[in-house]
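A quick write-up on the structure given underneath.
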Amino acid sequence: MINCKHYQWPEDHNNASYLQRPDPDLPICVERTVLVWLPLAFLWLCAPWGFTTLCKKPAKAPLSKLYICKQVTRLVFVPRSVDSGSLFMFWLLQVLCAVFQFQTLLRDALNKVLTAALTAPHLPVMLIKGFKRPLVQEDMWDLNEKDSTQTICREFEDIMAKELKKAHSRLQKKQNKRKTKNDHQSGLAKGVSQDVLVMKKKKKKDSESDYPNSWLVPTIAKTFKGVLLETALYKLIQDILAFASPQFLKLMISFTQDKTSHAWTGYLYAVLLLVVAFLQSVILQQYYNRCLILGIKVRVALMAAVYKKALVVSNDSRKESTAGEIVNLISADAQRFNKVTNVLHLLWSYPLQIALAIAFLWIELGPSVLAGLLVMVLMVPINGWLATKSRGFQVENMKFKDTRMKIVNDILNGIKVLKYYAWESSFEAQVQEIREKELKVMRKFAYLSSVSTFIFSCAPAIVSLATFAVFVSVSPDNILDAEKAFTSISLFNILRLPLTMLPELISIMVQTTVSKKRLEKFLSGDDLDTMSVTRDDSHMIILFSVSLDIKPGRLVAVVGAVGSGKTSLISALLGELHSLRGRINIKGSVAYVPQQAWIQNTTLKDNILFGSNLDEEHYLSVVDACALGPDLDLLPGRDQTEIGVKGINLSGGQKQRVSLARAVYSSADVYLLDDPLSAVDSHVGKHLFERVIGPKGLLKDKTRILVTHGISFLPYVDEIIVLVNGVVSEVGSYDGLRASKGAFSEFLETYGKDESNNADGLEPQADDSLEDIVSSTLKRENSLRHSQRHSKRNGRLLFLFLVFSVRVRKNSSVRSKKDSGDKKGQRLIEKEAMETGRVKFSVYLQYMRSMGWCFVTWSFLFYFIQNVAIIGQNLWLSDWTDDSVEYFNTTYPAHIRDMRIGVFGALGLAQGFLVFFGTILIADGSISASRTLHTNLLSNILKAPMVFFDTTPSGRIVNRFAKDIFTVDEMIPMSFRSWIFSILGVLGTLFVICLATPIFIAVVVPMAVVYYFVQRFYVPTSRQLRRLDSVSRSPIYSHFGETISGLSVIRAYGHQQRFLKQNEDTIDQNLKSVYPWFVSNRWLAMRLECLGNLVVFFAALFAVISRDSLNSGLVGLSISYALSMTQILNWLVRMTSELETNIVAVERVREYAEIKNEAPWITSNRPPDDWPTAGNIRFDNYKVRYRPELELILHGITCDIASTEKIGIVGRTGAGKSSLTNCLFRIIEASEGRILIDGIDISTLGLHDLRSRLTIIPQDPVLFSGTLRMNLDPFEKSSDEEIWTVLELAHLKDYVRGLPTGLQHEVSEGGENLSVGQRQLLCLARALLRKSRILILDEATAAVDLETDDLIQNTLRTEFSHCTVLTIAHRLSTILDSSR
């Protein structure tokens, strides 16, 4: 029964009639009821008249029961009683009614099969929009739920977990088996040294597979099995259809040879060729569409899986993969899997095509085809050798790529330090050295590919030569005719693609195998186990037998020397360290403030809220308690100001207070505070302790563990834990520890007095107001003068205060009167710039110029001659087939046969050699282009001013060095080569068809016009979609890098799910431009394949029309070429689009290679070699601002600093202390005024001449991946003795001597395997090694304990006594030695 509830008639106000619309139709309900019953009703109406007629006729049989049953059945089912007129009307009505039903069914089928996948119903709208104006992200469609990252990943991760479990089980069995075998061998071979060597070799080999493997491919297969099976079916149908065309060609040639055949037969064959070609196009585009979408889904699944793994990976596994390597996993390795899924079915399709081609060739040429088969079999071992060599080169290449990306990440993370020390050229040389090694491997790989291309270019020619030669040689009766030759050539053309594409397929498979291993190793790494997990003793033990019981609501201080294990204790409490034994139990939620603040690239407010809901009252109280109120007044957009990557536009103290505010706002139960007060001045430090951390602060009822070096806070804590070399030496209250007369008591006696005196002198009382900065500053100045009079130290003591924040605040009231919407500088990170419109021809010219015009010209010439050789070979074959007519029923002369075979073979071999030389030249040229573009990019990035790094997320720069350089290295050369092949192939095909049937020129011109306009209409959209893809990919890398650097914070707060969701949203934004790009490609391909199909049709049609004037050889040649036209034209469009979209990478690299540079590193005005000799510094009305649109941060500084003076610089956080040092190094250029050093205006010098003569120990201790020695002396100018001397002076000699590799000890990324204090001491050693006359200390001792600080001060007093020293500090003891 039909239910019409779902098929309502249209409402009058919406649609008065079903005819008033683009596709007029009747309602579905009418079609399924009225139109079905109308013909039947007419039949039943006519039935009584027919029945009456039946009754009037005399019965011919007795009315038995059987007879009556038969008549009734006939009346019901076969209404013979109805006359012929009624029957005609019935069938007419039936047909008319069925037209509407058939129209609806056809439209639905077309919409589902063709429109959705091929033309995309909404795509023309997007194409029109893209043609009229450049598309933007807002024009993209919303994703279907099934295509979203979350849906894709959910199924993938479920299956991955099961497969990984199986792989772990297999690995465990393998290890147990190996262990048993090794035990047995060691028992037999005790004392035999030779066996020990064998074991070592085996151990090395085994270590390569000490992780679960062979699980990733099954996971992908099981996750996407439905799409894989569907695409396999499409590919199978398409492959079978491909072999129908040669059979029709055979019939067509037979038709032209047989002049007695009727003309309609030829026209029928021409139409059938068109129909088969059209069906093949439809099926092929369905296959491509599904394969491409499958590929992107696999890439998304892998990217999300890598991100999720990075959030939970253990520290051991994380050490094995640097941030650069993980970025490569989501850029290069995931992309390779995307590519391999597009060609996955070719692994069985190509062998199937080869088998079918050989079967049909056997039918044509008999056993002679075995000669061709033998040639192909002989190529298999060559193929295997090439694949093995390729795999080795690819592994080596990926290692160099990872190392290069690691150093690039280091450079971007420590760019300010590189500029301070003028080390850019050293690191540039390191990257260039690795890049050269990478290019060397790429050259070997390219040469190997050229050999592979040569072999497989020769393959079709050699196979056809061997087959034809054997065919005509085995018997004088075997003469090649057009039917056999061109049917065979069509089959050889089908064979050509599998044989030509096999090397590329092998190359892709080799690259993907390497990527598979890398992904499996990372994804199967151990997860962070928050429970106590027993490990073996191979890990360095940092904390020994620590037993603590901290009651709820208590404030516990952790103190100890640098490297004693304070941060390690906090990490252990967070579950970040291995627990060899014992357990940790934390009751309630945790908030964590790391020693180095982690700040996100978002607004200040979002940094504090950190995903929590906004409670305005609580938020304001937290901002006030963390002393952020005055900072908000300084920021252009208050708490809506965007903070740069790594908090670049905040001072160290501001970052730390934002980090603390985040913890306080979270309202957790337990607070782990890793020395948050070291980065702020004493005044703010005391405020934070009293208002936030201390007994009367906002956290008074919470459990707090505070790592601190500030002795002045210790009397107010409930309990103190003293750590010495990873061991708890003492635990107790402040008074109890003093009374115990232990090590802590002696420490207090030595340093506590100074610290308390200094604190009393510098800091206001608890009831002082922080709101009035001016009055509090005056109070501090008065108390300083008071402390001066009572100081036991000799000499005048004067401090230079930088209180520019006061002046800025005075102006803030004026600013507030302006339009509140006009907040300059509120948005720090601008949206990534994106070119619009056609890729400029200058970009292509730049790439070809980078390649070298010699390479480009000669390679094109070789490819052109090779194409001429192909046409010549086929024309020769066409002429050869005429021999069958000339020598009909006569003996075929041997010398003519040999000549035919010889020329045919020579032309085939010539093709191979020409392709080989052309490919070699393009390989050399592309490597030259890769070198030039990367060198220009790296050089310019290093010369970019700091403001560029402040306003550009590192992900954007990494994207250039990772994805864009990868495209330049691997994708563009392939696209460029394929494009040349395709354009020459199309021209060659048109030439041959026009040569055979000159009338075809009349069709070529209109088709070329259509082709041109379709391209013009399509390319703007495709190009812009590709650019949107590139731009929307950068935030994925930025977010990834940000997550990696803040892992411990994200884990501590338990926000992994929020960051996973953010990652999914970022990938989804990228997918919104990727899916339309795929659909637009299919839209174009379908239309252009239809053009190609018309070429086949017209070539066949004109051959039928001109059959009397054409010989069969030319007909065969013309149509066999036309049959390949669809494929070549489709490939040309694909390569044109791919080349234009890939060349965008050159455009993006060029964008960053042309950024405005900072001042030249070296100028003609060079200072003397011993400058500065005295170290006099003079500021003359010096004014500066960060960026032109922002306000001044230093307001007319004028002062003179004499030689060897020691100047103390103090001031509130954000007052401009660090900015002053940036000006000395010209990190920020002057807006007005000048700085003179020994009478030379520093603005006239080259930056390297200036910066290499000054030394700074910066606020953030930055170390680079590499050895300790490299971190101290990257140019290797100093001897080992000098380095050991400075390490001794920096109090690190004993520590470094204790390391197994000493100076060659590998520093991990960012110096994570050293404590912050040790990193700071290494920065001190750097300064000592430079021996400059001017030294700047920017909070150099904030992260070290008082004892180490005192040792450092002694070193500075002795080693830098002859230097001018500018010291920025929060601790009064640090600057008590200052002259002023």
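The shown structure was predicted, so the numbers you read here are calculated from the model rather than taken from an experiment.
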Does a side-chain heavy-atom distance below 4.5 Å link Leu352 with Lys235? no

Between Ser978 (side chain) and Ser975 (backbone), is there a donor-acceptor pair under 3.5 Å? no

Minimal non-hydrogen separation, Phe855 against Gly925, with atom names: CD1-CA, 3.7 Å

In this structure, CD1 of Ile922 is separated from CD1 of Ile972 (nearest 0.5 Å) by 12.5 Å

Distance (rounded to the nearest 0.5 Å) between Glu970 CD and Ser930 OG: 9.0 Å

Could you walk me through whether Val903 and Gln873 pass the side chain to side chain contact (heavy atoms under 4.5 Å, CB included) check? CA-CA 8 Å; Val903 173; Gln873 190 186 34; over 6 Å; no

side-chain hydrogen bond (donor to acceptor under 3.5 Å, both in side chains), that's the test. Do Ser349 and Asp239 meet it? Break it down for me. CA-CA 7 Å; Ser349 172; Asp239 285 350; 2.6 Å; yes

Verdict with reasoning, Phe860 to Leu984, per side chain to side chain contact (heavy atoms under 4.5 Å, CB included): CA-CA 10 Å; Phe860 185 82; Leu984 291 172; 4.3 Å; yes

State, with a plain yes or no, whether a side-chain heavy atom of Val986 is found less than 4.5 Å away from one of Thr989. no

Would you find a donor on one side and an acceptor on the other, under 3.5 Å apart, between the side chain of Ser928 and the backbone of Asp924? no

Measure from the side-chain N and O atoms of Thr857 to the backbone N and O of Cys854, and report whether any donor-acceptor pair falls under 3.5 Å. no

Tyr447 atom OH, neighbour heavy-atom count above 12 within 6.0 Å: yes

To the closest 0.5 Å, what do you measure between CG (Asn289) and CZ (Arg1082)? 6.5 Å

dist Tyr287:OH -> Thr231:OG1 (nearest 0.5 Å) comes out at 6.5 Å

Determine whether Phe981 and Gln866 make a side-chain contact, defined as any pair of heavy atoms from C-beta on separated by less than 4.5 Å. yes

Hey, what's the ring geometry for Phe255 with Tyr269, parallel, tilted or perpendicular (30° and 60° as the breaks)? perpendicular

Closest approach of Asn342 and Cys291, non-hydrogen atoms and distance? OD1-O, 3.1 Å

Val275 versus Phe1097: any side-chain heavy-atom pair under 4.5 Å? no

Is any side-chain heavy atom of Tyr847 less than 4.5 Å from a side-chain heavy atom of Val843? no

Does the plane of the ring in Trp979 sit parallel, tilted or perpendicular to the ring in Phe976? Use 30° and 60° as the thresholds. parallel

Which atom pair, heavy atoms only, marks the closest approach of Pro973 to Val968? CD-O, 3.3 Å

Count the heavy atoms belonging to other residues, nucleotides or ligands that lie under 6.0 Å from CZ of Phe1078, then report whether that count exceeds 12. yes

Yes or no on side chain to side chain contact (heavy atoms under 4.5 Å, CB included) for Val1096 and Leu274, after CA distance, side-chain angles and deciding distance? CA-CA 7 Å; Val1096 176; Leu274 177 66; over 6 Å; no

How long is the straight-line distance from OG of Ser859 back to CD1 of Ile980, given to the nearest 0.5 Å? 5.0 Å

Any donor and acceptor pair, going by atom type alone, linking the side chain of Asn1093 with main-chain N or O of Glu1089 inside 3.5 Å? yes

Show your reasoning for whether side chain to side chain contact (heavy atoms under 4.5 Å, CB included) applies to Leu236 and Trp348. CA-CA 10 Å; Leu236 181 64; Trp348 60 264; 4.2 Å; yes

Side chains of Thr967 and Asn1142: do they bring a donor and an acceptor to under 3.5 Å? no

Indicate the atoms forming the closest heavy-atom contact of Ile927 with Arg443, along with that distance. CD1-CA, 3.1 Å

Does any non-hydrogen side-chain atom of Met971 lie less than 4.5 Å from one of Lys339? yes

Is the OH atom of Tyr844 crowded by more than 12 outside heavy atoms at less than 6.0 Å? yes

What distance do Tyr234 atom OH and Leu284 atom CG have between them, rounded to the nearest 0.5 Å? 12.0 Å

Please give me the minimum heavy-atom distance between Gly918 and Tyr863, naming the atom from each residue. C-OH, 3.5 Å

Taking all heavy atoms of Phe278 and all of Cys1090, pick out the closest pair and write down the distance. CE1-SG, 4.0 Å

